[in-house]
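So the structure is just underneath, and the comments pick up after that.
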Amino acid sequence: MKAWRYSEYGGVEVLKLETNVEVPEIKDDQVLIKVVAAALNPIDYKRRLGLLKATDAPLPTVPGFDVAGVVVKVGSEMKHLKEGDEVYGDIIEKAIDGPKQFGSLAEYTAVEEKLLALKPKNLDFVQAASIPLAIETAYEALLTAGFSEGQSILVLGGAGGVGSFVIQVGVGSFVIQKSLILQLSKHVFGASKIAATSSTAKLVLLKSLGADLAIDYTKENFEDLLEKFDLVYDVVGQCDRAAKAVKEGGRVVVISGSVTPPTFNFILTSSGEFLKKLNPYMESGKVKPLLDPKGPFPFDKVNEAFAYLETNRAIGKVVIYPIP
């Protein structure tokens, strides 16, 4: 089959499209997925650059965490999934602790059943592939931080994949994406107020995702606001500044960079159960994926898609589709 793979750490140039890669064998607790779409994440290129070398799987590596596709073979221990099911998920359970060698940027991939959920009925494969890692990061971090109904949240870096979902999840039973942090904060957790930072050009986007207060970081410092927040969700690594924006007794969750109290560093453990819980919010339209307008990129342009993602100019998720 065809698959993208790299045999040494480095820039985009180490990625090679190979045509004679063996289809992976499945274990008893796995299914074989015919990949229809896959999404790229910053951790993919950080891993390729060798930043996770100490705990990484042996090379060569097929990159890719997010997947959407169709089950074509099932292991002997399957409890829920069957051949023909349309599924999606973040297929690497521990992102930085021994991630699997074979990811989603291939025609087929083997995945543990516990990491997958049925694809939301109202989403196509491109939309579904854009969701798993970002929404699980947004949701699990909010849970870990003890975020609850009636609390306020400030999202730093809200226009990316994770940030958008944090916004959506915050209010009651609403949704997921800063798309997801913004949506989840608002719709799933019931936030009383959602603020987020962005550049001038993305302020309207933040409002459309559910932010009550959109802060232009090119014109004002969020830490200088008189208003403080119960939770600051930092997806861009501004720990010291974030700590100045939180209420006494509040918390700061960071997914990138160093931390100091009252901040804690969150690392995702992928779970299909989270996706199952959040599917109703997506099927109701309360939580919506945010796709980058330059995509999707075809399978033979994965290197170009990574080059674009690494400019840090993507708005939402960069998706690869179709996959032969």
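The figures here come from the full heavy-atom set of this structure, side chains too, leaving out hydrogens, waters and symmetry mates.
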Taking atom types as modelled, is there a side-chain donor on [X] or [Y] under 3.5 Å from an acceptor on the other?
| X | Y | value |
| --- | --- | --- |
| E136 | S270 | yes |
| Y308 | N303 | no |
| T55 | D97 | no |
| K114 | S271 | no |

Measure across [X] and [Y] and return the closest heavy-atom pair with its distance rounded to 0.1 Å.
| X | Y | result |
| --- | --- | --- |
| T137 | F266 | O-CE2, 3.7 Å |
| L206 | A196 | CD1-O, 3.6 Å |
| L156 | A242 | CD1-CB, 3.9 Å |
| E140 | L268 | OE1-CD1, 3.0 Å |
| L118 | N279 | O-ND2, 3.0 Å |
| Y281 | S284 | O-OG, 3.0 Å |

Within the distance-only criterion (no hydrogens, no angle test), does the side chain of [X] pair as donor or acceptor with the backbone N or O of [Y] below 3.5 angstrom?
| X | Y | value |
| --- | --- | --- |
| D216 | T218 | yes |
| K100 | I91 | yes |
| D292 | K294 | yes |
| N122 | M282 | yes |
| E304 | K301 | no |
| R251 | V232 | no |
| E113 | M78 | no |
| S192 | G150 | yes |
| W4 | G64 | no |
| K228 | K244 | yes |

Worksheet item: Would you call K193 and E227 a salt bridge, using N to O less than 4.0 angstrom?
Response: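 Yes, this pair counts.
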Report yes if some heavy atom in the side chain of [X] is under 4.5 Å from a heavy atom in the side chain of [Y]; otherwise report no.
| X | Y | value |
| --- | --- | --- |
| V36 | V67 | no |
| P289 | L123 | yes |
| F229 | V246 | no |
| L15 | R48 | yes |
| P324 | M1 | no |
| I33 | V70 | no |
| V21 | K2 | no |
| F299 | P322 | no |

Fill in: Residue pairs involving residues 56-76 (criterion side chain to side chain donor-acceptor pair (under 3.5 Å); sequence neighbours excluded)
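The answer is Y9-D56, D28-S76, N41-D66, R47-D56, D66-K317.
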Worksheet entry | side chain to side chain donor-acceptor pair (under 3.5 Å) partners for E283, two or more places apart |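 For E283 there are no side chain to side chain donor-acceptor pair (under 3.5 Å) partners, ignoring immediate neighbours.
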Measuring from atom [atom1] of [X] to atom [atom2] of [Y], what distance do you get when rounded to the nearest 0.5 angstrom?
| X | Y | atom1 | atom2 | value |
| --- | --- | --- | --- | --- |
| I92 | L133 | CD1 | CG | 9.0 Å |
| L40 | F297 | CG | CZ | 8.5 Å |
| I323 | L105 | CD1 | CG | 6.5 Å |
| K207 | L209 | NZ | CG | 12.0 Å |
| L278 | I135 | CG | CD1 | 5.0 Å |
| S198 | L205 | OG | CG | 7.5 Å |

Item to complete: Determine, stepwise, if the pair K202 / I315 fulfils side-chain contact (heavy atoms from CB on, under 4.5 Å).
Response: CA-CA 9 Å; K202 297 177 182 177; I315 301 175; 3.7 Å; yes
Treating Ile, Leu, Val, Met, Phe, Trp and Tyr as nodes and any side-chain heavy-atom pair under 4.5 angstrom as an edge, say whether [X] and [Y] lie in one connected cluster.
| X | Y | result |
| --- | --- | --- |
| L51 | L59 | yes |
| L213 | Y233 | yes |
| I43 | I267 | yes |
| I153 | L203 | no |
| Y217 | V235 | no |

Discussion item. I'd like to know whether E18 forms a salt bridge (charged side-chain N to carboxylate O under 4.0 Å, His left out) with R5, so could you lay out the CA-CA distance, the side-chain angles of the two residues, the decisive distance to 0.1 Å, and finally the verdict.
Written reply: CA-CA 7 Å; E18 301 182 9; R5 192 156 62 173; 2.5 Å; yes
Fill in: Check against side-chain contact (heavy atoms from CB on, under 4.5 Å), T197 and V155
CA-CA 7 Å; T197 63; V155 183; over 6 Å; no
Worksheet entry | side-chain contact (heavy atoms from CB on, under 4.5 Å) assessment of L231 paired with V253 | CA-CA 8 Å; L231 177 66; V253 57; 4.2 Å; yes
Discussion item. For K277, give me all partners under side-chain contact (heavy atoms from CB on, under 4.5 Å), at least two apart in sequence or on another chain.
Written reply: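 Checked K277 against side-chain contact (heavy atoms from CB on, under 4.5 Å); matches are Y139.
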Can you confirm whether more than 12 heavy atoms, excluding those of [X], are under 6.0 Å from its [atom1] atom?
| X | atom1 | value |
| --- | --- | --- |
| Y321 | OH | no |
| K276 | NZ | yes |
| E22 | CD | no |

Fill in: Quiz item: cation-pi between K119 and F125, 6.0 Å / 45°
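Relative to the ring axis of F125, which defines the angle, K119 lies inside both limits.
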Practice prompt. Apply the test side-chain contact (heavy atoms from CB on, under 4.5 Å) to residues V254 and Q238: give CA-CA distance (whole Å), side-chain angles for both, the deciding distance (0.1 Å), then the verdict.
Written response: CA-CA 8 Å; V254 174; Q238 297 179 328; over 6 Å; no
